[in-house]
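Whatever order the structure lists ligands and atoms in, that order sets their numbers, starting from 1.
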Amino acid sequence: KMEQTFIMIKPDGVQRGLVGEIIGRFEKKGFYLKGLKLISVDRSFAEKHYADLSAKPFFNGLVEYIISGPVVAMIWEGKNVVTTGRKIIGATNPAESAPGTIRGDFGIDIGRNVIHGSDSVESARKEIALWFPECPVNWQSSLH
Ligand code: CMP
């Protein structure tokens with residue numbers, strides 16, 4: 001099924017120079033880059049992105065981390081890109097992410113895990129709307 005997903009390279013991934021490597025993995029898999037920007041977000045924006053996690057004990061630390069430097073926000077499109085994108089990224093906890101995945105290859109800390117990818121088509125729709133408000137709903141209409 002043709003889908004779009006939201007992928008974000010987190011501040012540690014940008015600072016460590018992993019942007020090209022990460023984009024290359026999605027490109028070589030065959031996905032299409034449909035939106036990209038380097039952006040620093042403020043606290044209220046980060047809290048909106050992670051609103052579902054506001055009750056978690058790590059919420060404040062997570063927000064501090066996301067606002068600590070610029071991130072690369074992207075829209076990727078392709079067949080089953082939500083699920084397959086999460087496979088390319090690997091498990092949330094880098095201690096459990098397989099070698100060959102982005103987190104498996106480049107991280108050891110769950111609180112500094114390099115990259116985010118939407119966990120469902122519905123989350124992708126919300127996250128793309130939040131991060132790319134300038135690209136109004138040609139999401140769906142552009143899918144073939
Ligand atoms: P992400 O895919 O962006 O979705 C939620 C984020 O919360 C996750 O990646 C991690 O960065 C963070 N996270 C999840 N569990 C923990 C935890 N136990 N401690 C710190 N951060 C966490």
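- Of the listed residues (His49, Met8, Lys10, Arg112), the one carrying the non-hydrogen atom nearest atom 9 (O) of ligand 1 is Lys10.
- A donor-acceptor pair is defined here as one N or O able to donate and one able to accept, closer than 3.5 Å; such a pair exists between the side chain of Lys37 and the backbone of Trp131.
- The proximity of Asp119 to ligand 1, defined as any non-hydrogen pair under 4.0 Å, does not occur for either the backbone or the side chain.
- Close contacts between ligand 1 and Thr92 involve ligand atoms 8 (C) [criterion: under 4.0 Å to a heavy atom].
- Placement of Leu33 and Leu38 within a single hydrophobic cluster is found when ILVMFWY residues are connected by side-chain heavy-atom separations under 4.5 Å, directly or transitively.
- Here the CD-CZ distance, from Glu77 to Phe26, works out to 14.0 Å after rounding to the nearest 0.5 Å.
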Can Phe31 and Trp76 be said to form a ring-ring contact (aromatic ring centres under 6.0 Å, His included), step by step?
CA-CA 6 Å; Phe31 293 130; Trp76 285 91; 7.3 Å; no

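- Between Asp52 and Lys126, no side-chain nitrogen of the basic residue sits less than 4.0 Å from a carboxylate oxygen of the acidic one, so the salt-bridge criterion is not met.
- Looking at Tyr65 next to ligand 1, no N or O pair under 3.5 Å apart turns up.
- A donor-acceptor distance shorter than 3.5 angstrom exists from the side chain of Arg103 to the backbone of Ile115, with no hydrogens or angles considered.
- For atom 17 (C) of ligand 1, the closest heavy atom belonging to the protein is Phe58 CD2, 3.4 Å.
- Close approach of ligand 1 to Arg103 (heavy-atom distance below 4.0 Å) involves ligand atoms 1 (P), 2 (O), 9 (O).
- By the criterion of a heavy-atom distance under 4.0 Å, the side chain of Asn113, and not its backbone, is placed next to ligand 1.
- Residue-level proximity to ligand 1 for Asn93 is absent, since no heavy atom of it falls below 4.0 angstrom.
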